[in-house]
Number of protein chains: 2
Amino acid sequence: MAEGRLQRELNRRNPFETPEQEAVLNLLRTGDLILNRFGRLFSEHNITDSQYNVLKILRDEGQPMPSLGIAGRMVQVVPAITGLIDRLEAKELVVRRRCVQDRRVVYVEITPLGMKLLAELDQPVLALHTQMVGKLSQPEVKQLSRLLEKAREVFSQ
Amino acid sequence: MAEGRLQRELNRRNPFETPEQEAVLNLLRTGDLILNRFGRLFSEHNITDSQYNVLKILRDEGQPMPSLGIAGRMVQVVPAITGLIDRLEAKELVVRRRCVQDRRVVYVEITPLGMKLLAELDQPVLALHTQMVGKLSQPEVKQLSRLLEKAREVFSQ
DNA sequence: GCCAATTAATTGACATGTAAAATGACGCGC
DNA sequence: GCGCGTCATTTTACATGTCAATTAATTGGC
């Protein structure tokens with residue numbers, strides 16, 4: 001039996017039991033490598049992936065957002081948002097403001113400094129996205145998206 | 001312009017800038033959802049993904065392994081291994097043994113209890129792998145692996 | 001209007017992941 | 001046979017992610 005690449009990469013002794021397993025592990029492994037790369041890029045600017053995501057969401061929204069609104073657009077769970085915003089606030093990339101109508105709500109707003117940081121990152125981030133799938137042709141990139149979206153349908157049932 | 005699925009899922013206001021970006025975000029998002037599912041399965045057995053991976057590696061190897069050997073087969077960085085093994089040892093799923101020839105080396109060995117836990121998980125894990133790509137046909141599953149492996153070539157240069 | 005259920009956010013307890021530095025052992029070269 | 005660089009592992013310091021429980025504020029039903 002021919003040895004797959006992932007098998008070799010991880011020095012696995014035994015071949016994968018099924019093509020499904022191989023695909024899933026390939027997916028996780030690739031995602032991990034990509035996240036790692038982005039992590040390195042962001043750390044050069046003293047932020048993390050999650051922090052970048054929060055800033056990006058705020059810029060996309062174009063106006064202050066409540067914490068839960070931000071959490072809703074991220075993959076993660078609510079409690080993590082608090083500390084994330086704490087650290088962004090400490091770096092003066094966002095500010096918190098209590099809502100007057102509903103004092104339970106905290107609005108988070110991106111600062112000019114935050115916008116400046118995002119602007120600096122726009123080009124490198126886009127370039128990295130492109131590089132990460134640079135070995136694939138345009139049709140292959142679209143095919144990859146298609147397959148991933150189709151696979152993800154199991155989660156929406 | 002037609003709205004993509006990922007865009008809708010995350011309530012994004014703006015479409016993706018490029019197909020490359022869309023593919024990368026699709027990849028990360030899908031990986032995250034899958035990891036989440038596995039996390040839930042493992043937590044029912046009181047272990048985590050990483051802990052499961054360590055046990056799996058030890059069983060694959062078939063004999064005690066040094067810590068660095070384990071770290072080498074995982075995606076992660078060395079320092080994390082220590083705590084991971086600490087917790088597995090506390091649950092009596094592995095034992096540590098100092099090498100007599102080279103006292104710098106710590107061998108980690110899976111216990112019968114660890115093997116038993118793995119055996120219990122084999123079927124559910126395989127089933128979950130299959131389920132995660134259950135929306136894809138067999139050829140699509142293989143195509144997905146192929147695309148991911150090809151994309152990952154940028155990392156080996 | 002008043003109390004219970006709900007909602008927004010935060011906190012606390014853990015498990016991980018990353019980087020950088022420290023510890024303890026080995027082993028080669030002179 | 002000693003010292004210095006290297007190696008395996010651990011420690012420390014931080015940022016995250018998960019869950020469960022708490023606080024504060026609102027709202028709906030009666």
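In this text, all values refer to a predicted model and were calculated from it rather than measured experimentally.
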For this session: Would you please name every residue forming a salt bridge (charged side-chain N to carboxylate O under 4.0 Å, His left out) with B/Arg104, sequence neighbours left out?
Result: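 Residues passing salt bridge (charged side-chain N to carboxylate O under 4.0 Å, His left out) with B/Arg104: B/Asp102.
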Would you kindly give the [atom1]-to-[atom2] distance between [X] and [N], to the nearest whole Å?
X       : N      : atom1 : atom2 : answer
B/Leu35 : C/dG17 : CG    : P     : 10 Å
B/Ile70 : D/dT9  : CD1   : P     : 9 Å
B/Met74 : C/dA15 : CE    : P     : 16 Å
A/Leu33 : C/dG17 : CG    : P     : 14 Å
A/Asp49 : C/dT18 : CG    : C1'   : 11 Å
B/Leu84 : D/dT10 : CG    : P     : 12 Å
B/Arg87 : D/dT10 : CZ    : C1'   : 13 Å
B/Glu44 : D/dC19 : CD    : P     : 12 Å

Exercise. Going through the checks in order, is the ring-ring contact (aromatic ring centres under 6.0 Å, His included) test met by B/His45 and B/Tyr52?
Worked result: CA-CA 10 Å; B/His45 294 258; B/Tyr52 175 79; 9.6 Å; no
For this session: Consider the side chain of B/Gln51, meaning its heavy atoms from C-beta on, and name the nucleotide among C/dA15, C/dA25, D/dT18 that approaches it most closely.
Result: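 The answer is C/dA15.
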Exercise. At under 4.0 Å, does any side-chain N or O of A/Asn36 touch on OP1 or OP2 of C/dT18?
Worked result: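 For C/dT18, OP1/OP2 do have a side-chain N/O of A/Asn36 under 4.0 Å.
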Problem set entry | Residue met sooner reading DNA chain D from 5', once A/Val100 and A/Ser50 are mapped to nucleotides |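 First, find each residue's nearest nucleotide; the 5'-ward one identifies A/Ser50.
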Polar-atom pairs under 3.5 Å, protein N or O versus N or O of nucleotides 9-12 of chain C: list them with distances, or write none.
residue: C/dA9; atom: OP1; partner: A/Ser67; partner atom: N; Å: 3.3
residue: C/dA9; atom: OP1; partner: A/Val106; partner atom: N; Å: 2.8
residue: C/dA9; atom: OP1; partner: A/Val106; partner atom: O; Å: 3.2
residue: C/dA9; atom: OP2; partner: A/Leu68; partner atom: N; Å: 2.7
residue: C/dT10; atom: OP1; partner: A/Arg96; partner atom: NH1; Å: 2.8
residue: C/dT10; atom: OP2; partner: A/Thr82; partner atom: OG1; Å: 3.3
residue: C/dT10; atom: OP2; partner: A/Arg96; partner atom: NH1; Å: 3.4

Exercise. Can you name the nearest heavy-atom pair linking B/Leu126 to A/Glu17, along with the distance?
Worked result: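 Smallest interatomic distance, heavy atoms only, reads CD1-OE1, 4.1 Å.
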For this session: Taking only Lys NZ, Arg NE, NH1 and NH2, and the carboxylate oxygens of Asp or Glu, determine whether B/Asp122 and B/Arg59 approach each other closer than 4.0 Å.
Result: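 Salt bridge flag = yes for B/Arg59 with B/Asp122.
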Problem set entry | 5' precedence on DNA chain C between B/Asp102 and A/Asp102 (nearest-nucleotide basis) |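 Looking at the nearest nucleotide for each, A/Asp102 comes out on the 5' side.
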Exercise. Taking atom types as modelled, is there a side-chain donor on A/Glu20 or B/Gln131 under 3.5 Å from an acceptor on the other?
Worked result: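 Looking only at side-chain atoms, B/Gln131 and A/Glu20 do not form any donor-acceptor pair under 3.5 Å.
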Exercise. Ignoring hydrogens and geometry, is there a side-chain-to-backbone donor-acceptor pair from B/Arg98 to B/Arg103 under 3.5 Å?
Worked result: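 Yes; judged by distance alone, with no hydrogens or angles, the pair exists.
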Exercise. Can you check whether A/Gln143 reaches B/Glu140 side chain to side chain, under 4.5 Å on heavy atoms?
Worked result: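 They are not in side-chain contact.
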